[in-house]
Amino acid sequence: MRWILALALALAAGLGALYGLTGGFTVLTAEAARRQDVARHPRAIPPAEVLAGDGRVLGLDQDLRRDGRVAIVNFFYTRCLALCLAQGSLTERLQQAIEARGLRDRVRLISISFDPRDRAPDLARYAVRMGADPGVWQFLSFARPAQRDAALDVFGITVVPAPLGEFEHNAAFHVVTPDGRLARVFDLDDPGLALSAAESLSAPSTQGAR
């Protein structure tokens with residue numbers, strides 16, 4: 001009888017620990033748990049200098065606040081021939097949806113390269129390749145490696161150097177509020193959800209001058 005009671009107590013303790021680790025059984029992976037936590041507690045984006053396709057150096061957090069729109073952010077590098085191109089195609093569809101739904105004054109797109117080799121001319125050429133409207137979709141690259149690493153950590157992006165100058169990396173759509181906080185994260189196959197979240201987080205009072 002005692003061993004049955006002990007087993008029951010152990011099972012209850014294990015279930016309790018699992019309940020806590022999975023957010024009440026609602027998530028079963030570390031990444032899903034992280035995304036749920038981001039949705040509950042938006043995370044401030046650390047200061048980071050970024051280079052734009054026109055050669056300007058911007059403060060990412062300052063630019064977000066000055067612009068005033070909700071941003072859907074993703075990460076790439078211009079020499080990527082697989083995942084980044086697929087991500088770019090999906091982002092182009094988001095651009096079309098933003099235009100079609102009349103959201104260009106409330107939502108914008110930002111693609112940020114983590115490759116230190118990507119400079120202003122590379123970004124400008126890639127923007128043309130992707131059919132980007134500069135009023136909606138902006139391409140940037142990190143200017144300082146230390147700031148890059150801190151920002152990627154907040155966004156949950158892992159980048160591993162691979163042979164032939166390539167990188168292995170994960171990807172997602174990140175919804176960032178105008179005050180510079182990561183508020184939601186969505187898989188690449190959920191661009192519609194990302195746009196819906198961005199639209200719901202945008203408001204006329206947060207719009208700024210373009």
Side-chain angles (χ1 to χ4, degrees), residues 21-22 27-39 42-53 57-58 60-61 64 71-95 108-132 137-176 180-195 197-198:
L21 288 172
T22 61
V27 293
L28 294 175
T29 69
E31 175 58 15
R34 188 187 74 85
R35 293 183 183 188
Q36 187 179 77
D37 187 62
V38 164
R43 302 180 181 183
I45 298 172
E49 290 186 357
V50 289
L51 177 67
V57 176
L58 311 170
L60 180 59
D61 55 333
L64 287 165
I72 300 176
V73 180
N74 57 38
F75 296 87
F76 78 110
Y77 68 108
T78 63
R79 293 165 179 80
C80 180
L81 299 176
L83 177 60
C84 298
L85 290 179
Q87 179 178 238
S89 178
L90 291 168
T91 309
E92 184 179 10
R93 288 169 55 188
L94 276 174
Q95 177 180 249
R108 66 167 170 159
L109 305 168
I110 302 177
S111 294
I112 307 177
S113 172
F114 47 73
D115 187 344
R117 298 170 296 179
D118 281 336
R119 312 313 294 163
D122 303 300
L123 298 172
R125 285 192 296 268
Y126 201 81
V128 172
R129 182 181 184 182
M130 293 291 104
W137 189 1
Q138 187 176 22
F139 288 81
L140 308 170
S141 66
F142 289 108
R144 298 188 179 185
Q147 293 179 337
R148 175 198 63 194
D149 294 344
L152 292 179
D153 183 62
V154 169
F155 281 98
I157 296 296
T158 300
V159 178
V160 180
L164 304 177
E166 299 179 344
F167 295 94
E168 298 290 343
H169 65 98
N170 58 327
F173 288 120
H174 307 82
V175 180
V176 178
R181 292 182 177 275
L182 173 63
R184 299 292 300 274
V185 183
F186 296 94
D187 289 333
L188 289 186
D189 57 0
D190 289 325
L193 292 179
L195 183 55

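When reading the values below, keep in mind they use all heavy atoms of this one structure, side chains included, and skip hydrogens, waters and symmetry mates.
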What do you reckon, are the aromatic ring centroids of Phe75 and His169 less than 6.0 Å apart?
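Phe75 vs His169: aromatic centres not under 6.0 Å.
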Value rounded to 0.5 Å, distance of [atom1] in [X] from [atom2] in [Y]:
{"X": "Ile157", "Y": "Arg148", "atom1": "CD1", "atom2": "CZ", "answer": "13.0 Å"}
{"X": "Phe76", "Y": "Asp115", "atom1": "CZ", "atom2": "CG", "answer": "9.5 Å"}
{"X": "Arg117", "Y": "Arg79", "atom1": "CZ", "atom2": "CZ", "answer": "4.5 Å"}
{"X": "Thr78", "Y": "Leu85", "atom1": "OG1", "atom2": "CG", "answer": "10.0 Å"}
{"X": "Ile110", "Y": "His174", "atom1": "CD1", "atom2": "NE2", "answer": "12.5 Å"}
{"X": "Ile112", "Y": "Gln138", "atom1": "CD1", "atom2": "CD", "answer": "8.5 Å"}

Please examine the side chains of [Y] and [X], heavy atoms only from C-beta on, and report whether any two atoms are closer than 4.5 Å.
{"X": "Tyr77", "Y": "Glu166", "answer": "yes"}
{"X": "Phe155", "Y": "Val185", "answer": "no"}
{"X": "Leu90", "Y": "Asn74", "answer": "no"}
{"X": "Arg119", "Y": "Ser141", "answer": "yes"}
{"X": "Val154", "Y": "Arg181", "answer": "no"}

With sequence neighbours excluded, residues passing ring pair (Phe, Tyr, Trp, His ring centres under 6.0 Å) with Phe142
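For Phe142, no residue satisfies ring pair (Phe, Tyr, Trp, His ring centres under 6.0 Å) once neighbours in sequence are set aside.
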Can you list everything that forms a salt bridge (charged side-chain N to carboxylate O under 4.0 Å, His left out) with Arg129? Sequence neighbours excluded, please.
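Applying salt bridge (charged side-chain N to carboxylate O under 4.0 Å, His left out) to Arg129 gives none.
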List the steps, then state whether side-chain contact (heavy atoms from CB on, under 4.5 Å) holds for Trp137 with Ser111.
CA-CA 8 Å; Trp137 189 1; Ser111 294; 2.9 Å; yes
Do you know the tightest heavy-atom contact between [X] and [Y]?
{"X": "Leu64", "Y": "Ala71", "result": "CD2-CB, 3.9 Å"}
{"X": "Pro42", "Y": "Ala183", "result": "CB-CA, 4.1 Å"}
{"X": "Ala124", "Y": "Gly53", "result": "CB-O, 3.9 Å"}
{"X": "Ala162", "Y": "Glu168", "result": "CB-CG, 4.1 Å"}

Would you check if the side chain of [X] reaches a backbone N or O of [Y] as a donor-acceptor pair within less than 3.5 Å?
{"X": "Glu49", "Y": "Ala143", "answer": "no"}
{"X": "Asn170", "Y": "Thr158", "answer": "yes"}
{"X": "Asp149", "Y": "Ala146", "answer": "no"}

Chi angles and distances behind the side-chain contact (heavy atoms from CB on, under 4.5 Å) call for Leu83, Phe167:
CA-CA 11 Å; Leu83 177 60; Phe167 295 94; over 6 Å; no
Could you walk me through whether Phe173 and Thr91 pass side-chain contact (heavy atoms from CB on, under 4.5 Å), step by step?
CA-CA 9 Å; Phe173 288 120; Thr91 309; 3.6 Å; yes
Between Asp118 and Ser113: side-chain donor-acceptor atoms closer than 3.5 Å:
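A donor-acceptor contact under 3.5 Å links the two side chains.
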Between Leu195 and Arg93, is the side-chain contact (heavy atoms from CB on, under 4.5 Å) condition met? List the steps.
CA-CA 11 Å; Leu195 183 55; Arg93 288 169 55 188; over 6 Å; no
Between Arg43 and Asp153, does any side-chain N to carboxylate O distance fall below 4.0 Å?
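Judged by the 4.0 Å cut-off on N to carboxylate O distance, Arg43 and Asp153 do not form a salt bridge.
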